[in-house]
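Remarks on the structure that follows.
Proteins come first, then strands; the chains are lettered A, B, ... in the order of their sequence lines, and each starts at number 1.
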Amino acid sequence: MRPPFQPARRPALLLGLAALLAGRARAATAEIVVYVLNSGDASISVLDGAERVETRRIPVLREPHHLVPTPDGRSLVIGDSAANELLFLDPDTGALQRRERISNPYHLDYAPDGKHLVIASLRRDQVDIYDAAGPTLLERLRLPDKPSHMAFSPDSRMVHVTLQGSGAVVAISLETRQPVWQAQVGPEPAGILWHRGLLIVGIMGTDHFAVLNPETRQVERRIAVGRGAHAIFRAPDGQALYATSRVDSRVTALDPDTLEVRRRWEVPGGPDCIAFGPDGQLWVTLRWIRRVAVIDPRTEEIETIRVGRSPHGIYVHPRGG
Amino acid sequence: MLEDLYAAAAARIFEGAIQPALYALGLMDWAEDAYEWLDFAIFGLLTIVAVYAVCRPLEAWRPVERWESRGPVRTDVIYTLLARLGLLPMIAFVLFATLQARWEGWVAESGFIPPTLETLLPWLREHPLWALVFYIVVLDFGEYWRHRLQHRFGWWWALHSIHHAQRQMTFWTDDRNHVLDEVLAALWLGGLALLIGVPPGQFPLVVLVLRLAESLSHANVRLSFGRVGERLLVSPRFHRLHHGELSAGEHGKNYAVLLPVWDWIFGTADFRREVYPRTGDPEAPEALATGGWWRQQLVGLRRMATAIAGGR
């Protein structure tokens, strides 16, 4: 039970508050726990955000790639593709809540309205639409070729999936659960982001991101970021977009209004997925050197932390939700 | 520390040479697979070094046979380099990747979700090392029966006899196999993997020990593991008896690859501890014993076709 407020202790409390404010940035980091999926050695690294060390390694069966929180935030859902299962973890403790037998879950995400869970299987050329509550399979779509990453429209009516082997983006209606249109965007498209009515797609076989208009289904613009353009993420405050290039090993910040390049960081090791700390730091998986990088855009400092082999998906969780 | 050095070296090779090459060739799709292959190749190289460091002194210490010329052994070195550095597995992977995707897609469409051994024995989830032991036992059992069939069917024996034709058997002989035989082995293991799930590859030390055991079993060394040890692990003595001249084809004994228990159970074990027969297949053409890599591949293929045509 919480004790009642006691005025006599106010000076001490104020002092404590002052100390707390002084170390605000560090404290914010201290409250986070970071989950990293080591796709190459079947494990999840759990990192302490403040100490910047791995505190625990959770074994999984085969090959975890991507992860997403449930819409209520009570679970972290991890796709172990080669093991054909989803793991539901308590994001506060890392404790396993349950497992679901699911066919080859590679990339996965919940629609913004929380009604559907969509899972792409890169290896099996399929996109599954699930009722999020179950998850119960509603529709399995066979698609050519190598369905990779996905982005929803904000009204949850459409999901857009990159087809890595076909050089295309396919739009699937979540109402009819059927493909509606397909557009060519360039060789080996990977990451995709819905941004102010446009789709920004990482064209991994080139050095640029393509800006696709879902209305006209035309590529309106190309943004050069570096060879092996891969994935793109929006900062939580909406003040920047961050893109990764795996061959030139670079993280690029884009202006969200103009989509112009603002700055870039050379980060050796093949940057892939990005998650954001509460203090604006970027947590980036580096696929080829068994590390994650922490980039502070304010100070330009870059620090790396050792994790497992071929780290891929990453998630920053504020302790206590 | 060692892990960091290894990771840094592998990353330098991958980021400096392999990934840019894939990008230039429009093959970035294969980057993750190539990264896996690089680990395989580096690990293969380390395995060769470790096996050489252990087996070569043993062969020098107590050889079963001495030869004036070691020409045929050099051919086995080529087999080993091709197999362990991943060149053949890589070609096979590229050829079979599409086939595998189609197959897995078909399996998924059927509604069947392949199980894993951990589905049947849930406690294994918390004990990955024990899980690996289980996988090794199951896969070794599968290998025993594949080996039995290699000797049973005439067309398969035509390929496998390349492995048996070697009269100068050394630790290099382990990888002396026809390419088609390797493909059949991969399909066999792939089918078994579909039934029990694919074992994780995060136990390099254990894999290293297994490879060492298999190479050692072929070594030209007079070495037995004793009355009990001979029944636990395949020894150079145990496996040399399998390679004996009179043990070729259907008359074989000691088929086990790692665990002799299968021969024990199925009545094919020979535990005589002082017997070190001459190796080779007297019925095989000379090219299979002393020919080069290409020649052995061609002759093996021709013999297989003849066996099929003859209904064997």
Closest heavy-atom pair and its distance - [X], [Y]:
X	Y	answer
A/R290	B/A7	CD-CB, 3.6 Å
B/D29	A/E188	N-OE2, 2.5 Å
B/Q19	A/R246	NE2-O, 2.9 Å
A/W288	B/E15	CD1-CG, 3.8 Å

- Which atoms of B/A10 come close to chain A, meaning under 4.5 Å heavy atom to heavy atom: side chain ones, backbone ones, both, or neither? neither
- Which portion of B/L27 sits near chain A, non-hydrogen atoms under 4.5 angstrom: backbone
Could you tell me which of [options] has the largest number of non-hydrogen atom pairs under 4.5 Å with chain B?
options	result
A/E85, A/R99, A/R287	A/R99
A/P59, A/P187, A/S39, A/G228	A/G228
A/G269, A/G308, A/A190	A/G269

- Query: chain B heavy atoms under 4.5 Å from A/D207: which part of the residue, side chain, backbone, both or neither?
  - Reply: both
- Item | Spatial distance of atom OH (B/Y6) from atom CZ (A/R309) [nearest 0.5 Å] | 7.0 Å
- Query: Going from CD on B/E32 to CG on A/L122, what distance comes out if it is rounded to the nearest 0.5 angstrom?
  - Reply: 7.5 Å
- Note on the structure: Note: vs chain A, highest number of non-hydrogen pairs under 4.5 angstrom among B/G26, B/A24, B/A8 is B/G26
- Residue of the set A/V247, A/T206, A/I203 for which side-chain contact (heavy atoms from CB on, under 4.5 Å) holds with B/M28: A/V247
- Quick check: are there more than 12 heavy atoms from other residues, nucleotides or ligands sitting under 6.0 Å from CZ of B/R12? no
- Would you say B/F266 has more than 12 foreign heavy atoms packed within less than 6.0 Å of its CZ? yes
